[in-house]
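Report on one structure; see the data block that follows.
Per chain, numbering begins at 1; letters A, B, ... match sequence-line order. The shown structure was predicted, so the numbers you read here are calculated from the model rather than taken from an experiment. Just so it is clear, the values below take in all heavy atoms, side chains as well, and ignore hydrogens, waters and symmetry mates.
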There are 2 protein chains.
Amino acid sequence: MSTITDLITNHILLLLRHADGEINIQRNELAEKFSCAPSQINYVLETRFSIDKGYLVESKRGGGGYIRIFKIPVDAHSLLMEIIDVQIGRSLSQIEAEKIVQRLLDAGVIKVNQANIMYAAIQRESIPINLPWRDIVRASILRNMVRALLHQSKKEEGE
Amino acid sequence: MSTITDLITNHILLLLRHADGEINIQRNELAEKFSCAPSQINYVLETRFSIDKGYLVESKRGGGGYIRIFKIPVDAHSLLMEIIDVQIGRSLSQIEAEKIVQRLLDAGVIKVNQANIMYAAIQRESIPINLPWRDIVRASILRNMVRALLHQSKKEEGE
DNA sequence: ATAATAAAGGTCAAAGAAGGTCAAAGGTGG
DNA sequence: CCACCTTTGACCTTCTTTGACCTTTATTAT
């Protein structure tokens with residue numbers, strides 16, 4: 001049997017297919033259409049359109065508020081996911097971190113002006129605390145920066 | 001759906017572009033044109049044309065009153081130097097750090113794809129150590145990233 | 001000159017319009 | 001029966017719009 005969650009999911013997938021991977025919805029409107037609680041929409045977005053399923057969701061509150069959903073292109077997506085899940089562990093030396101940035105640059109996922117910033121952030125001098133803490137913090141910083149790339153990778157396409 | 005605020009914002013941006021960064025408006029006239037309360041114009045100016053978005057607003061009341069809006073031209077080099085030397089101290093909260101990144105973005109010194117990376121690097125979650133060390137490390141990371149921008153802008157000059 | 005009046009723009013708080021969170025209750029498959 | 005989804009609702013936060021009232025400046029009438 002299909003749940004409301006499934007119905008809403010399918011509806012969003014359909015919209016996405018017809019709109020080239022980027023849509024704009026109103027939470028209340030959608031909830032109205034499916035006769036459910038508005039917060040159900042959030043549930044669907046959290047469980048079915050999460051970042052590791054390859055989607056990006058952004059929203060604004062207040063008058064003129066909206067929810068935007070993007071489908072992240074797969075190539076960049078899988079490289080970034082692999083780096084986040086596998087290559088960056090709990091701790092990371094400067095050398096290892098630099099290799100990862102280089103890999104992103106080589107793959108064309110980032111530009112030089114982005115690589116420079118990332119290099120700067122992971123330098124020893126940027127993290128003035130002792131080992132082993134420094135390497136742990138470095139892993140954390142890099143992971144977050146790579147996550148940011150994941151979030152970004154859809155919107156860059158259109159430019 | 002776009003709000004009245006967005007419409008007015010776009011209208012002002014258009015005027016600014018056509019008038020070389022300096023315009024002169026009448027509050028009531030503009031409110032009339034968009035059929036809104038005059039105070040809505042103030043709201044737009046406060047939220048969209050604030051000083052840290054790179055705009056300057058001056059006005060005069062009474063007969064022959066006016067509102068003037070200027071776009072402040074920025075010199076990347078001096079902005080970066082000021083941020084390194086003055087704005088980033090020994091320690092920096094996430095809020096303060098975010099303001100600095102926003103300022104760079106608004107000034108057009110960095111692009112969105114760079115801002116996203118910088119933003120990610122300075123998040124609490126990126127620096128998993130306790131206060132007050134976290135704020136000290138954050139200051140250090142941001143300073144190094146801004147230095148990288150400085151280096152980059154010098155190189156670009158020579159091209 | 002002065003005092004009234006008209007013509008701007010400014011402030012602030014309340015109401016309205018979204019979306020977000022979280023925990024409790026309700027189902028369902030093993 | 002238990003663990004794991006779904007569904008719902010009460011309450012929260014953020015952003016926008018409106019309106020009543022205030023201040024400043026210019027003009028006009030005594």
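- Contact annotation: B/S39 side-chain N/O to C/dG10 OP1/OP2 distance is not under 4.0 Å.
- A/R103 pairs with exactly one of A/E96, A/E82, A/E98 by the salt bridge (charged side-chain N to carboxylate O under 4.0 Å, His left out) rule, that one being A/E82.
- Taking every side-chain heavy atom of B/Y43 into account, D/dT16 is the closest of C/dG10, D/dT8, D/dT16.
- Ranking C/dA18, D/dT18, D/dT7 by closeness to the A/N28 side chain, first place goes to C/dA18.
- In this structure, B/L45 atom CG and D/dT16 atom C1' are separated by 15 Å, rounded to whole Å.
- The distance between atom CG of A/N42 and atom C1' of C/dC22, rounded to the nearest whole Å, is 11 Å.
- The stretch residues 38-48 of chain B participates, sequence neighbours left out, in these salt bridge (charged side-chain N to carboxylate O under 4.0 Å, His left out) pairs: B/D6-B/R48.
- Note on A/I4: only backbone sugar-phosphate atoms sit closer than 4.0 angstrom, heavy atoms only; bases stay farther off.
- Look at B/T5 and you won't find any side-chain N or O under 4.0 angstrom from OP1 or OP2 of D/dC15.
- The base of D/dT13 is paired with the side chain of A/R61 by a donor and an acceptor separated by under 3.5 Å.
- D/dT16 atom C1' lies 16 Å from atom CZ of B/F34, rounded to whole Å.
- Residue order along DNA chain D, read from the 5' end via each residue's closest nucleotide, puts A/T47 first among A/T47 and A/P38.
- Candidate nucleotides C/dT21, C/dG10, D/dT16 were compared by shortest atom distance to the side chain of B/R48, and D/dT16 ranks first.
- Taking atom CZ of B/R68 as the reference point, atom C1' of C/dA8 lies 14 Å away to the nearest angstrom.
- By the 6.0 Å and 45° rule, B/K71 stacks over the aromatic ring of B/Y55.
- Under 4.0 angstrom from either OP1 or OP2 of C/dA8 there lies no side-chain N or O belonging to B/S59.
- Which of D/dT16, C/dG20, D/dT6 sits closest to the side chain of A/Q40 comes down to D/dT6.
- Among the nucleotides C/dG20, D/dT7, C/dG10, the one closest to any side-chain atom of A/T3 is D/dT7.
- Contact between the side-chain N/O atoms of A/K60 and the OP1/OP2 oxygens of D/dT16 is found at a separation under 4.0 Å.
- Closest to the side chain of B/Q26, from the set D/dT17, C/dG9, D/dT16, is C/dG9.
- In this structure, B/L30 places its CG atom 14 Å from C1' of C/dA8, rounding to the nearest Å.
- When rounded to the nearest whole Å, the span between CD of A/E32 and P of C/dG19 equals 13 Å.
- Between the CH2 atom of B/W133 and the CD1 atom of A/I129 there is a distance of 10.5 Å, given to the nearest 0.5 Å.
- Among the heavy atoms of the strands lying under 4.0 Å from B/G65 are primed sugar atoms or P, OP1, OP2 only; no base atom is included.
- The two residues A/A148 and B/N116 come nearest to each other via the heavy atoms CB-O, 3.6 Å.
- Note: CD (B/E58) to P (D/dT25) measures 13 Å, nearest angstrom.
- Atom CD of A/E46 and atom C1' of D/dC4 are 16 Å apart (whole Å).
- Note that B/R68 lies in the cation-pi zone of B/Y66, set by a 6.0 Å cut-off to the ring centre and a 45° limit from the axis.
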